[in-house]
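Notes to accompany the following structure.
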Number of protein chains: 2
Amino acid sequence: MPSIENYRAFVLAAELGSFSAAARQMGKAQSAVSTAIANLEIDCDVLLFDRSSRNPVLTKAGAALLANAKGILLGSQEFLARAKSMSEGVEGHLCIAIEQGISIRPLLDLLGDFSTTFAHVSLEIVTPDPADMAGILKRGRAELGLMIEQEGYPVGFQFRGVGYSRTVPVAGRDHPLARLSQVRHADLRQHRELVPQIRPTAQTGSPGNRKSPSIWYAENPMLVLDLVLQGFGWAELPHSIVADGIKTGDLVQLNYGFQQSDILHGVDAVWTEQRALGVAGQWMLNRLLELPQDVWRETGNLPAS
Amino acid sequence: MPSIENYRAFVLAAELGSFSAAARQMGKAQSAVSTAIANLEIDCDVLLFDRSSRNPVLTKAGAALLANAKGILLGSQEFLARAKSMSEGVEGHLCIAIEQGISIRPLLDLLGDFSTTFAHVSLEIVTPDPADMAGILKRGRAELGLMIEQEGYPVGFQFRGVGYSRTVPVAGRDHPLARLSQVRHADLRQHRELVPQIRPTAQTGSPGNRKSPSIWYAENPMLVLDLVLQGFGWAELPHSIVADGIKTGDLVQLNYGFQQSDILHGVDAVWTEQRALGVAGQWMLNRLLELPQDVWRETGNLPAS
DNA sequence: TTCACCTATCTGAAAATCAGATATAAACTG
DNA sequence: CAGTTTATATCTGATTTTCAGATAGGTGAA
């Protein structure tokens with residue numbers, strides 16, 4: 001069974017074109033490299049180098065296997081680097097729960113920075129239904145959450161506002177409401193409202209104050225979008241989801257007579273006290289808090305000032 | 001420095017949830033696995049298992065690193081498997097040169113079979129200019145070639161017909177020739193012919209007998225296609241390249257008055273005698289020879305019978 | 001409590017690895 | 001063409017590592 005050191009000797013020798021040079025670089029005797037590669041060749045039952053000339057030259061098989069050996073070495077290095085990172089207190093995995101409907105576009109730069117700063121931390125993003133958010137954090141399924149701000153959070157939760165999410169009332173191109181230059185409460189109540197969440201029950205928090213008595217629930221905003229496009233009703237949906245449809249004319253933004261029709265929700269970062277954030281989680285939280293308002297404006301979640 | 005066996009002990013113990021079971025599976029003593037994992041933990045400076053209960057349980061860090069360790073093991077197994085395959089005479093790499101203009105669509109199924117049959121052979125497909133084909137095979141850059149049949153091949157070359165490539169004369173939508181219901185030689189000679197190859201010189205074989213005295217050469221068929229679409233002239237191009245354009249109306253197929261306007265070229269598989277084909281190359285050649293005519297018909301390279 | 005089973009550690013033996021020395025061959029030099 | 005330099009293969013004895021078996025301590029189930 002070849003050892004990692006065998007592979008290392010092979011790769012170094014192939015790259016340097018010399019067993020002696022490889023030995024020098026490994027801080028070992030030349031004979032060690034010679035036997036290491038000989039053993040590798042025995043294990044493989046394949047000649048890796050052509051020794052007929054002064055310096056060893058890769059055979060065809062050796063050249064083909066070199067790529068594999070490099071991969072193994074890379075994997076081993078990554079294993080150790082990741083382990084070192086974790087031994088220094090950096091978690092190996094970070095899960096962020098982003099409530100459905102909150103656009104990740106304002107976060108893309110931040111995520112890019114994360115991937116380079118914490119190359120050894122695997123990042124997971126889940127987009128649960130709003131009703132699940134608390135449980136997902138409580139259970140430790142995610143370390144950090146981004147959700148539409150609420151009046152109060154359960155005990156044990158920390159939260160800080162980090163940004164905004166703009167919701168826009170829309171209807172399909174051919175919907176009766178789409179023809180009105182201004183809609184009143186009374187108009188809304190005459191048509192079905194489509195709500196992007198699972199139906200609230202007694203347990204799952206407040207039902208919210210919906211504007212229409214006729215309500216359909218769908219599990220996520222994309223489903224609702226499809227229903228709206230098909231003319232099944234109107235809905236208040238995140239700007240990031242409906243922007244395209246409004247631009248192409250498939251969707252029409254409703255103009256509320258009774259209030260500003262763009263509805264601005266705050267976005268909170270939420271985490272639990274007992275589950276202390278790791279180094280990467282802390283970094284992520286700090287960067288979220290430092291996010292300039294511009295990125296929310298540029299992504300259409302804040303009106304231009 | 002952890003050895004492969006250390007990683008193997010780690011992965012097996014994690015998967016079986018028991019050091020003893022891992023030892024049994026590895027055919028070693030339990031103490032070997034115990035110390036192997038302990039050493040790995042020392043190398044990593046990270047606790048991989050929680051030993052507080054009867055059976056060891058992965059720590060968070062262990063769970064994160066498990067994926068990496070599995071990757072290393074996979075890599076090692078693949079290295080050995082590939083080496084074994086090569087020790088049995090299968091080449092590690094196969095390069096096929098397919099002359100520009102020959103569609104690979106008839107070969108897709110064949111390539112799929114190849115990838116499963118010769119999982120350890122990396123496949124390379126190059127699409128050289130027709131004039132380069134011979135040199136590329138001679139130099140060993142490619143083991144096998146697919147090219148439009150010629151009257152004669154240089155000595156040392158083997159060839160067998162394997163299929164067909166249909167060439168269609170086309171012009172752009174607004175080209176004068178496009179309006180003619182039938183074109184004659186005289187018509188063709190009044191317009192520029194675009195030829196998808198580098199300009200033939202005295203060395204690079206016959207100039208062929210082009211139909212028009214005014215000729216532009218472009219390095220590959222796609223360049224020619226763009227030129228034709230821009231109205232710079234007419235060209236005889238492979239059916240696979242112009243089919244879409246003809247369907248959308250951007251291209252018009254010319255209707256030769258003097259001969260069948262679809263021009264059918266045979267496709268030859270070509271290889272050299274001195275560079276013996278390996279097992280994978282032989283397989284590929286045999287499968288090419290056995291290709292049913294249907295696949296050439298279905299891909300528009302043979303007229304429906 | 002008893003029993004079965006698991007893990008950590010110790011120990012001596014077996015095996016592998018290593019550095020140095022030596023032999024041989026290839027390229028280079030004059 | 002002989003001498004020099006450098007590179008690789010192999011041998012050898014010492015060092016290190018690895019291993020199996022034995023032992024001890026602990027956990028969980030009956």
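Values below: every heavy atom of this structure, side chains too, minus hydrogens, waters and symmetry copies. The chains referred to below are lettered A, B, ... by the order of the sequence lines, with proteins before strands, and numbering in each begins at 1.
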**Item:** Derivation of the ring pair (Phe, Tyr, Trp, His ring centres under 6.0 Å) call for A:Phe157 and A:Trp271
**Value:** CA-CA 6 Å; A:Phe157 279 89; A:Trp271 65 102; 9.8 Å; no
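- Whole-Å rounding puts the A:Ile42 CD1 to D:dA9 P distance at 12 Å.
- Across the protein-nucleic acid pair, A:Phe10 atom CZ and D:dT8 atom P stand 15 Å apart, rounded to whole Å.
- Side-chain atoms of B:Asp268 and B:Tyr153 form a donor-acceptor pair, as typed in the model, at a separation below 3.5 Å.
- Across the protein-nucleic acid pair, B:Gln30 atom CD and D:dT18 atom P stand 17 Å apart, rounded to whole Å.
- Distance CD/A:Glu41 to CG/A:Asn6: 11.0 Å, rounded to 0.5 Å.
- Between A:Ser31 and C:dA19 there is no side-chain polar atom (N or O) within less than 4.0 angstrom of OP1 or OP2.
- Comparing A:Thr35 and B:Thr35 against DNA chain C, the residue whose closest nucleotide sits nearer the 5' end is B:Thr35.
- Distances shown here put a side-chain N or O of A:Ser20 below 4.0 Å from the OP1 or OP2 atom of D:dT8.
- Atom NZ of A:Lys60 has 12 or fewer heavy atoms from other residues, nucleotides or ligands within 6.0 Å.
- A:Gly27 comes within 4.0 angstrom of the backbone, heavy atoms only, and of no base.
- Put simply, the side chain of B:Gln25 reaches to within 4.5 Å of the side chain of B:Leu16, judged on heavy atoms.
- Between the CE atom of A:Met1 and the P atom of C:dA15 there is a distance of 18 Å, rounded to whole Å.
- In this structure, B:Lys28 places its NZ atom 12 Å from C1' of C:dA16, rounding to the nearest Å.
- Straight-line distance from the CZ atom of B:Arg24 to the P atom of D:dA20: 14 Å, rounded to whole Å.
- Under a cut-off of 6.0 angstrom, the local environment of CG in B:Asp109 is sparse, with at most 12 non-hydrogen atoms contributed by other residues, nucleotides or ligands.
- A heavy atom closer than 4.0 Å to some atom of DNA chain C occurs in A:Ser52, A:Ser53, A:Arg54, these being the qualifying members of residues 45-59 of chain A.
- In this structure, B:Glu5 atom CD and C:dA15 atom P are separated by 16 Å, rounded to whole Å.
- We find that CD1 of B:Ile37 is positioned 13 Å from P of D:dC19, with the value rounded to whole Å.
- Within the 4.5 Å cutoff, the side chain of B:Thr59 has no heavy atoms near those of the B:Phe49 side chain.
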